[in-house]
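Excluded from the calculations below are hydrogen atoms, water molecules and symmetry mates; all remaining heavy atoms, backbone and side chain alike, are included.
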Amino acid sequence: MVGGSGLRTTQADSSRGPSSSALRVIVVSLALSATAGCVYFNQLYNANRLYSQGVSDLEAGRAGAGQSLLSEAIQKADKIVREKPDSRWADDALRLVVRARILLEQWPEAAEAAVQLLGYANSHRDSVEVAGYLGTAQLYLGDVARADSLLTIALAGVEDDDVRADFYLSRGRARMALRLETEADSDLAAASELRPEWVDPRLDRVRLLVGIGRGDDAAAEVAELLRLPLNDLEQREVLAVVEFLATISPETGIMALAEVGTSDLPRDQRARMVKLRGDMKVEIGLIEEGLADYQLVRDISSQSVAAADADVAVVRMQLRTVTVPEELDGYQATMMRMSRSMAARSSRDVIRIRDTLIRIDFWLESGDIGYLMAAEAVRDELENPVLARTFFLMYADEQPTAFWAPKAILAALDLSDLDSRDPSADELRRRLSEDYADSAYVLALTGESGSEFSYEQLEQGLQTRMERLERQADQEVRNRTTEGGV
């Protein structure tokens, strides 16, 4: 019975499943498999968390932190793909790798990972998304036509709005490169519509619109940008595009910044853009409006570098109207005083004008060749042709027998149309023809020869003397700014 009972028991157990030892093996295997699955799930979870934080840091302008997190996310996700390529998590991990490498602008690696991801595609939706990633990588690898084709395929099937916005931006850039301006504009506008807070497509669209002569639309786009909550990097990018506008069309730049004074930008950045708007107004002759903007800069942020730049812009305008050499003394004192402020020390224009005025004063005190150097600085740096003409003639009058007197008269003659004072242009021509007919400078105008010294010899001699005075003036600047506690 016992034996019979044991046999039946054995047969019954055998009919129901494996032996207890075999069962333990199966249980352990399943447990290990489940544990491995949890490990890879946790790795992917951590990779996604790092990826999300990295994207947030990039969007906030923290590039270094964002790039570091994305690199760490790639390492974790790539480990899943390498160690368990057949796991249920591998395709998601590889997708993260592709997107992270695109954000890091690692284009060859992004393209390689996208091709690998295509092998995991189980549906048309998966395939077209991968086509978009590969197209984005190809754009920056230089195959613009292929990028356009791949992105077009992707946009015909991808449904996720954020992904579509990415692909519209990439295709818009591809079509800009292909000179398909209308199509590019449509794509960039579509990206902005899907993600209104996104700065990149709007910046690209401004550049595109300016290039095709749609300045009003470009200005409107900049105005929209200034309504967004911009991080530090984006603020600098917007300022750069407005500066670009200023070089192409000051009128467009002024329109773009029409409301910047009341924008939500930080005070210093707002002041800087109002200063730029003032510069553009002055450039096109709207002097009073430009001066009003300079005052607004001070009202917005009186201790900013922009305020110092606005102050020196006003001084520059005043220096252009000076006709009496003695008036320069007052402006030199003003610039010395202005340069003592902390903000002014960071203003290249403040320091430049201050140092220029010190050099001019030193050269005038030195006399002789110093008059020529002062004249050139006044003409080129202070943009005052009338006063420059006065200094050129001071040299010619005080050094009438010098080799370089006719050079000074010729320089004054070039500026005579801008000044009706004596001596007239006719008088200067008479002096050249009667008193300096054999000068190398005068003969060079007619292509004749016969001077004691050649034009090149005279210029080389003058250059040597001017370089010596330049070094002395530099030392004078150091002396005066040190004595003044600047």
Quiz item: When rounded to the nearest 0.5 angstrom, what distance separates CG in Leu291 from NZ in Lys281?
Solution: 10.5 Å

Quiz prompt | Side chain to side chain, Leu372 and Phe391, heavy atoms closer than 4.5 Å | solution = no

Quiz item: Counting distance only, does the side-chain N/O of Thr321 pair as donor-acceptor with the main-chain N or O of Gln318 below 3.5 Å?
Solution: yes

Quiz item: For the atom pair CZ (Arg175) and OG1 (Thr182), what is the distance rounded to the nearest 0.5 Å?
Solution: 11.0 Å

Self-check item: Check: Trp404 side chain, Leu458 main-chain N or O, donor-acceptor pair, under 3.5 Å
Solution: yes

Practice problem: Could you tell me whether Asp279 and Lys275 make a salt bridge, using a distance below 4.0 angstrom between a side-chain N and a carboxylate O? | Solution: yes

Quiz prompt | Mutual orientation of the aromatic rings belonging to Phe167 and Tyr133 [parallel < 30°, tilted 30-60°, perpendicular > 60°] | solution = perpendicular

Table please: side-chain donor-acceptor pairs of residues 250-266 below 3.5 Å, with sequence neighbours left out.
residue: Thr252; atom: OG1; partner: Ser249; partner atom: OG; Å: 2.9
residue: Thr262; atom: OG1; partner: Glu259; partner atom: O; Å: 3.2
residue: Ser263; atom: OG; partner: Val260; partner atom: O; Å: 2.9
residue: Ser263; atom: OG; partner: Leu265; partner atom: N; Å: 3.4

Quiz item: When rounded to the nearest 0.5 angstrom, what distance separates OG in Ser366 from CE in Met373?
Solution: 9.0 Å

Practice problem: Report yes if the side chains of Leu319 and Leu328 come closer than 4.5 Å at any heavy-atom pair, otherwise no. | Solution: yes

Quiz item: Is the count of non-hydrogen atoms from other residues, nucleotides or ligands lying under 6.0 Å from Glu476 atom CD greater than 12?
Solution: yes

Practice problem: Please check if any side-chain donor atom of Gln463 sits under 3.5 Å from a side-chain acceptor atom of Glu467, or the reverse. | Solution: yes

Quiz prompt | Nearest heavy-atom neighbours spanning Val210 and Ala218 | solution = CG2-CB, 3.7 Å

Exercise. Determine which pairs satisfy salt bridge (Lys or Arg N to Asp or Glu O under 4.0 Å) with at least one residue from residues 210-220, sequence neighbours left out, and list them in order.
Key: Asp185-Arg214, Arg214-Asp217

Quiz item: More than 12 foreign heavy atoms under 6.0 Å from CD of Glu381: is that the case here?
Solution: yes

Exercise. Report the residues that fulfil salt bridge (charged side-chain N to carboxylate O under 4.0 Å, His left out) with Glu327, sequence neighbours left out, ordered by chain and then residue number.
Key: none

Self-check item: Distance-minimising heavy-atom pair for Leu228 and Pro196
Solution: CD2-O, 3.6 Å

Quiz item: Under the 3.5 angstrom rule, does the side chain of Asn384 hit a backbone N or O of Val386 as a donor-acceptor pair?
Solution: yes

Self-check item: Check: Gln106 side chain, Arg101 main-chain N or O, donor-acceptor pair, under 3.5 Å
Solution: no

Quiz prompt | Partners passing salt bridge (charged side-chain N to carboxylate O under 4.0 Å, His left out) against Glu283 (at least two apart in sequence or in another chain) | solution = none

Practice problem: Please list, chain by chain and in numerical order, all residues satisfying salt bridge (charged side-chain N to carboxylate O under 4.0 Å, His left out) with Glu383, sequence neighbours excluded. | Solution: Arg320

Quiz prompt | CD1-CG distance between Ile74 and Leu69, expressed to the nearest 0.5 angstrom | solution = 11.5 Å

Self-check item: Min side-chain heavy-atom separation Tyr51-Gln53 under 4.5 Å
Solution: no

Quiz item: Is any side-chain heavy atom of Arg465 closer than 4.5 Å to a side-chain heavy atom of Asp368?
Solution: yes

Quiz item: Rounded to the nearest 0.5 Å, how far apart are CE of Met335 and OG1 of Thr356?
Solution: 9.5 Å

Quiz item: Excluding sequence neighbours, so at least two apart, what forms ring pair (Phe, Tyr, Trp, His ring centres under 6.0 Å) with Phe244?
Solution: none

Exercise. Go through the steps for Ile353 and Met338 under the test side chain to side chain contact (heavy atoms under 4.5 Å, CB included), then give the verdict.
Key: CA-CA 11 Å; Ile353 294 299; Met338 188 185 301; over 6 Å; no

Quiz item: Charged N to carboxylate O below 4.0 Å: is that the case for Asp349 and Arg352?
Solution: no

Self-check item: Partners passing ring pair (Phe, Tyr, Trp, His ring centres under 6.0 Å) against Tyr371 (at least two apart in sequence or in another chain)
Solution: none

Quiz prompt | Least distance between heavy atoms, Glu59 atom then Glu234 atom | solution = O-OE2, 4.1 Å

Self-check item: NZ/NE/NH1/NH2 to OD/OE distance under 4.0 Å, Asp166 and Arg195
Solution: yes

Quiz item: Can you find a pair of side-chain heavy atoms, one from Gln269 and one from Asp232, that are under 4.5 Å apart?
Solution: no

Quiz item: Under a 4.5 Å cut-off applied to non-hydrogen side-chain atoms, are Gln472 and Phe362 in contact?
Solution: yes

Self-check item: Set of side chain to side chain donor-acceptor pair (under 3.5 Å) partners for Gln399, sequence neighbours left out
Solution: none

Quiz item: Can Arg272 and Asp309 be counted as an ion pair, charged N to O under 4.0 angstrom?
Solution: no

Self-check item: Residues, nucleotides or ligands: over 12 heavy atoms within 6.0 Å of Glu193 CD
Solution: no

Practice problem: Mind listing the closest non-hydrogen atom pair of Val97 and Ala113 along with its distance? | Solution: CG1-CB, 4.2 Å

Practice problem: Kindly compute the distance separating CZ (Arg171) from OG1 (Thr152), expressed to the nearest 0.5 Å. | Solution: 4.0 Å

Quiz prompt | Worked check of side chain to side chain contact (heavy atoms under 4.5 Å, CB included) between Leu188 and Leu169 | solution = CA-CA 6 Å; Leu188 297 173; Leu169 173 60; 3.7 Å; yes

Quiz prompt | Set of ring pair (Phe, Tyr, Trp, His ring centres under 6.0 Å) partners for Tyr331, sequence neighbours left out | solution = none

Quiz item: Under the 3.5 angstrom rule, does the side chain of Ser302 hit a backbone N or O of Asp299 as a donor-acceptor pair?
Solution: no

Self-check item: Check: Phe392 and Ile409 side chains under 4.5 Å, non-hydrogen atoms
Solution: no

Quiz prompt | Those residues that, when tested against Tyr436, pass ring pair (Phe, Tyr, Trp, His ring centres under 6.0 Å) (two or more places apart) | solution = none

Exercise. Only counting residues at least two apart or in another chain, list the ones meeting salt bridge (charged side-chain N to carboxylate O under 4.0 Å, His left out) with Arg359.
Key: Glu470, Asp474

Exercise. With sequence neighbours excluded, tell me which residues meet side chain to side chain donor-acceptor pair (under 3.5 Å) with Glu221.
Key: Arg202, Arg205

Quiz prompt | Lys407 and Glu459 ion-paired at < 4.0 Å | solution = yes

Quiz item: If you take all heavy atoms of Asp204 and Met176, which pair is closest and at what distance?
Solution: O-CE, 4.0 Å

Quiz item: Are any of the side-chain heavy atoms of Val55 and Arg99 separated by less than 4.5 Å?
Solution: no

Self-check item: Ala271 versus Val297, closest heavy-atom pair with distance
Solution: O-CG2, 3.5 Å

Quiz item: Would Asp268 and Ser301 count as having a side-chain donor-acceptor pair, cut-off 3.5 Å?
Solution: yes

Exercise. Determine yes or no for a side-chain-to-main-chain donor-acceptor pair under 3.5 angstrom, with Glu427 supplying the side chain and Ser424 the backbone.
Key: no

Quiz item: Going by atom types only, do Arg164 and Tyr168 share a side-chain donor-acceptor pair under 3.5 Å?
Solution: yes

Quiz item: Does Gly132 offer a backbone N or O that forms a donor-acceptor pair with the side chain of Thr136 under 3.5 Å?
Solution: yes

